[in-house]
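These notes are about the structure you will find just below.
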Amino acid sequence: MTAPVPPVWEGASAPRVSLVTMGCAKNEVDSAAMARALAEAGYQVDAPADKADVIIVNTCSFIQSATEESLEAIFEAASLPLVAAGRASVVVAGCMPARYGDDLEGELTEAAAFVPCSKEDDIVAVLGSLTGFEPTAGEPAGTALEQPAGPTEPGEGGTFAYVKISDGCDRLCSYCTIPAIRGRYHSFPFETIRADVAREVDRGAREIVLIAQDTGRWGQDLPEGRDLAWLVDTLAEAFPDIWLRVMYLQPEGVTDQLLAVMAARDNVCPYLDIPLQHVSVPILRAMNRAGSSEKFAALIGRIRAAVPDITLRTTLIAGFPGETEEQFEALCDFVAEAPFDYIGVFPYSREEGTAAAELPDQLDEDEKAERAQILRDLADAVCGPRIAERIGRPMAVLVEGAEEDGQLFGRAQCQAPEVDGVTYVSDGAIGTVVDTVIADTLLYEMEGA
């Protein structure tokens, strides 16, 4: 971390901070934690970037395209008039400093400081060294984090909120940079998670999305002998009027106990996001992952037997090194036959420092992109009709916002935030749950009667 001459802030009682978040929901949670810490220290954390004294860019560096998008955000912040004039600073936080370390400091001279994921708890001290501002005691300064009377804005921080239950990962998938960025897996204590949920509920959230790099492992490193099923069941009982959703669950984490909780609790969304990545045994082994098309089919059968109305999402990688035409066709056949409701597809990204980057038989970018598009088109062709099967079914919908023409929209329990489309409804207040009957669908969007 470097320490340039502190910028001077004018016309405000405390430095103004703008947070720019790149990447996944885990980063959104980290940004919110930094914002709370800064607000409690007296900083103003609701400033637009062009009026801020400090711009924090919380970066993503999971794959090369995410790194490039983060760099664009950093350069955009550095080009703002206050920064260019030396009156404001850019802080680079999150995955990029964690992944590239000291090398980044020598290359990215636009940044005044670097805060890797493991040091984000030090954000108040970092900004103090940049601004010379002394943290204040008492109530936070005016910020966007003040407690609202109820949900008035759609999206994260309004009608729903992400709550992280662990960090890091021990799986060492050969294509993945997360262990290098986030470190070893560690569960957060239940008391911390419950407090986070309670805070978001107090702020107006009607749905809590439990997230981590590997949610299914929660509790395995804690002394109490608790697991994810216990966590979900306990939270569902403590917050009976709040929807709970589990995301990013590896196949091994789908236990009978968790499925039983989903079947028994009305406020636990019958929804699982299970990244399979591939179905070919040789490809999965090269990825350092387990499974096969037969084992995954059996897993899906077990899930649907336990929770018949469950919604299933998965993610797949196309064009992994050495993927033959036959192996790709097998993946396509699995998608055509497997009853997934939503499928995310990504072309393989060759990431420096990963084991897969050194594998032979790397496919060229055009081939990877073509295979990914073929798989996306197939997924749409398969999943679209499954969504249409919901026509005529009654559903509860959490109202999240309105279009410019006043059309209300929200999500049913079968739709995760930001990835699965929305449901349009005829009435209801933002933040309330309304009952409707699905009258029509358009690919992944639904329309209530």
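Positions are given from 1 along the sequence.
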- Heavy atoms only: give me the nearest Leu331-Ile317 pair and the separation to one decimal. CD2-O, 4.0 Å
- Chi angles and distances behind the side chain to side chain contact (heavy atoms under 4.5 Å, CB included) call for His278, Glu323: CA-CA 10 Å; His278 215 283; Glu323 183 187 62; 2.7 Å; yes
- Message: Tell me if a side-chain donor or acceptor on Gln327 pairs with a main-chain N or O of Thr324 at a distance below 3.5 Å.
- Response: yes
- Residues forming a salt bridge (charged side-chain N to carboxylate O under 4.0 Å, His left out) with Arg171, sequence neighbours excluded: Asp214, Glu252
- Straight-line distance of Asp333 CG to Ser293 OG, nearest 0.5 Å: 9.5 Å
- Query: Do the side chain of Ser187 and the main chain of Ser166 share a donor and acceptor less than 3.5 angstrom apart?
  - Reply: no
- Message: Ignoring hydrogens, what is the shortest heavy-atom contact between Pro321 and Pro360? Give both atom names and the distance.
- Response: CB-O, 3.8 Å
- Just do the salt bridge (Lys or Arg N to Asp or Glu O under 4.0 Å) check on Asp46 and Arg16 with the steps written out, would you? CA-CA 7 Å; Asp46 57 352; Arg16 296 154 295 187; over 6 Å; no
- Query: Do Tyr100 and Leu108 have side-chain heavy atoms sitting under 4.5 Å apart?
  - Reply: no
- Task: Taking the six-membered ring of Phe62 (Phe, Tyr or Trp), confirm whether the NZ or CZ of Lys26 is under 6.0 Å from its centre and within 45° of its axis.
- Result: no
- Item | Where Cys176 and Thr354 come nearest, the two heavy atoms and their spacing | O-CG2, 3.8 Å
- Message: Taking the six-membered ring for Trp, are Tyr348 and Tyr175 closer than 6.0 Å centroid to centroid?
- Response: no
- Quick one: does Val246's side chain get under 4.5 Å of Leu228's, heavy atoms only? yes
- Item | Donor-acceptor contact below 3.5 Å, side chain Thr314 vs main chain Leu276 | yes
- Could you tell me the separation between the CG atom of Asp53 and the CG atom of Leu130, rounded to the nearest 0.5 Å? 11.0 Å
- Please assess Asp196 against Arg199 for the test salt bridge (Lys or Arg N to Asp or Glu O under 4.0 Å), listing each intermediate value before the final yes or no. CA-CA 5 Å; Asp196 288 346; Arg199 181 188 63 249; 3.0 Å; yes
- Message: Check whether Ser174 reaches the backbone of Ala286 with its side chain - one donor and one acceptor, N or O, closer than 3.5 Å.
- Response: yes
- Would you kindly check if the NZ (Lys) or CZ (Arg) of Arg411 is within the cone defined by 45 degrees around the ring axis of Phe160 and under 6.0 Å from the six-membered ring centre? yes
- Query: Under 4.5 Å between any side-chain heavy atoms of Asp30 and Lys164, yes or no?
  - Reply: yes
- Query: Under the side chain to side chain donor-acceptor pair (under 3.5 Å) criterion, do Tyr271 and Asp420 qualify, and how do the steps go?
  - Reply: CA-CA 11 Å; Tyr271 181 107; Asp420 294 338; 2.5 Å; yes
- Closest non-hydrogen contact found for Met262 with Cys269 is CE-O, 4.0 Å
- Would a 4.5 Å heavy-atom cut-off, applied to side chains only, mark Leu378 and Ile374 as touching? no
Side-chain donor-acceptor pairs of residues 54-61 under 3.5 Å, sequence neighbours excluded:
unit_1 : atom_1 : unit_2 : atom_2 : d
Asn58  : ND2    : Asn27  : O      : 3.2
Asn58  : ND2    : Ser31  : OG     : 2.9
Thr59  : OG1    : Ala93  : O      : 2.7
Thr59  : OG1    : Cys95  : N      : 3.4
Thr59  : OG1    : Met96  : N      : 3.0
Ser61  : OG     : Thr67  : OG1    : 2.8

- Short N-O contact, Lys368 and Glu365, less than 4.0 angstrom: yes
- Side-chain donor or acceptor of Asn267 paired with backbone N/O of Ile242 under 3.5 Å: yes
- Query: Side chains of Leu38 and Leu127: closer than 4.5 Å at any heavy-atom pair?
  - Reply: yes
- Message: Could you walk me through whether Phe340 and Arg313 satisfy the side chain to side chain contact (heavy atoms under 4.5 Å, CB included) test, starting with their C-alpha distance in whole Å, then the side-chain angles of each, then the deciding distance to 0.1 Å, before giving a yes or no?
- Response: CA-CA 6 Å; Phe340 286 103; Arg313 163 176 275 278; over 6 Å; no
- Polar side-chain atom of Glu351 near backbone of Gln64 as donor-acceptor pair, under 3.5 Å: yes
- Item | side chain to side chain contact (heavy atoms under 4.5 Å, CB included) assessment of Thr255 paired with Leu259 | CA-CA 6 Å; Thr255 65; Leu259 295 175; over 6 Å; no
- Message: Nearest 0.5 angstrom please: Phe239 CZ to Thr234 OG1, how far?
- Response: 11.0 Å
- Query: Just wondering, are more than 12 heavy atoms of other shown residues or ligands nearer than 6.0 Å to CD in Glu352?
  - Reply: no
- Message: Is there a side-chain contact between Leu443 and Ile387 in this structure, where contact means two heavy atoms from C-beta onward sitting under 4.5 Å apart?
- Response: no
- Message: Would Ile274 and Thr315 count as a side chain to side chain contact (heavy atoms under 4.5 Å, CB included) here? Give the steps.
- Response: CA-CA 7 Å; Ile274 310 171; Thr315 52; over 6 Å; no
- Return the minimal non-hydrogen interatomic distance between Val335 and Val382, and the atom names on each side. O-CG1, 3.7 Å
- Task: Spell out, as yes or no, whether a donor-acceptor pair under 3.5 Å connects the side chain of Asp364 to the backbone of Glu367.
- Result: yes
- Indicate whether any N or O donor in one side chain lies under 3.5 Å from an N or O acceptor in the other, for Glu28 and Thr21. no
- Message: For Tyr248, is there any backbone N or O sitting under 3.5 Å from a side-chain donor or acceptor partner on Thr215?
- Response: yes
- Work out which heavy atom in Tyr43 is nearest to a heavy atom in Val124; give both atom names and the distance. OH-O, 4.0 Å
- Message: Tell me whether Gln415 contacts the main-chain N or O of Val422 through its side chain, where contact means a donor paired with an acceptor under 3.5 Å.
- Response: yes
- Note, Met247 side chain near Arg245 side chain (heavy atom, < 4.5 Å): yes
- Interatomic distance, CG@Leu235 vs CG@Leu244, rounded to 0.5 Å, equals 6.0 Å
- Message: I'd like to know whether CD of Glu224 has more than 12 heavy-atom contacts from other residues, nucleotides or ligands below 6.0 angstrom.
- Response: yes
- Query: Nearest 0.5 Å, what's the OH-CZ distance between Tyr444 and Arg386?
  - Reply: 11.5 Å
- Message: Here's a test for you: under side-chain contact (heavy atoms from CB on, under 4.5 Å), which of Arg289, Gln277, Gln250 qualifies with Cys173?
- Response: Arg289
- Item | Sidechain-backbone polar pair: Asp233 side chain, Val261 backbone, donor-acceptor under 3.5 Å | no
- Query: Given Arg203 and Glu200, is the salt bridge (Lys or Arg N to Asp or Glu O under 4.0 Å) satisfied, shown in steps?
  - Reply: CA-CA 5 Å; Arg203 293 183 62 209; Glu200 298 299 343; 3.3 Å; yes
- Would Phe188 and Trp218 count as a close aromatic pair, with their ring centres under 6.0 Å? no
- Does the side chain of Leu284 reach to within under 4.5 Å of the side chain of Phe296, using non-hydrogen atoms? yes
- dist Cys332:SG -> Glu337:CD (nearest 0.5 Å) comes out at 11.5 Å
- Item | Within 45° cone of Tyr185 ring axis and under 6.0 Å: Arg217 NZ or CZ | yes
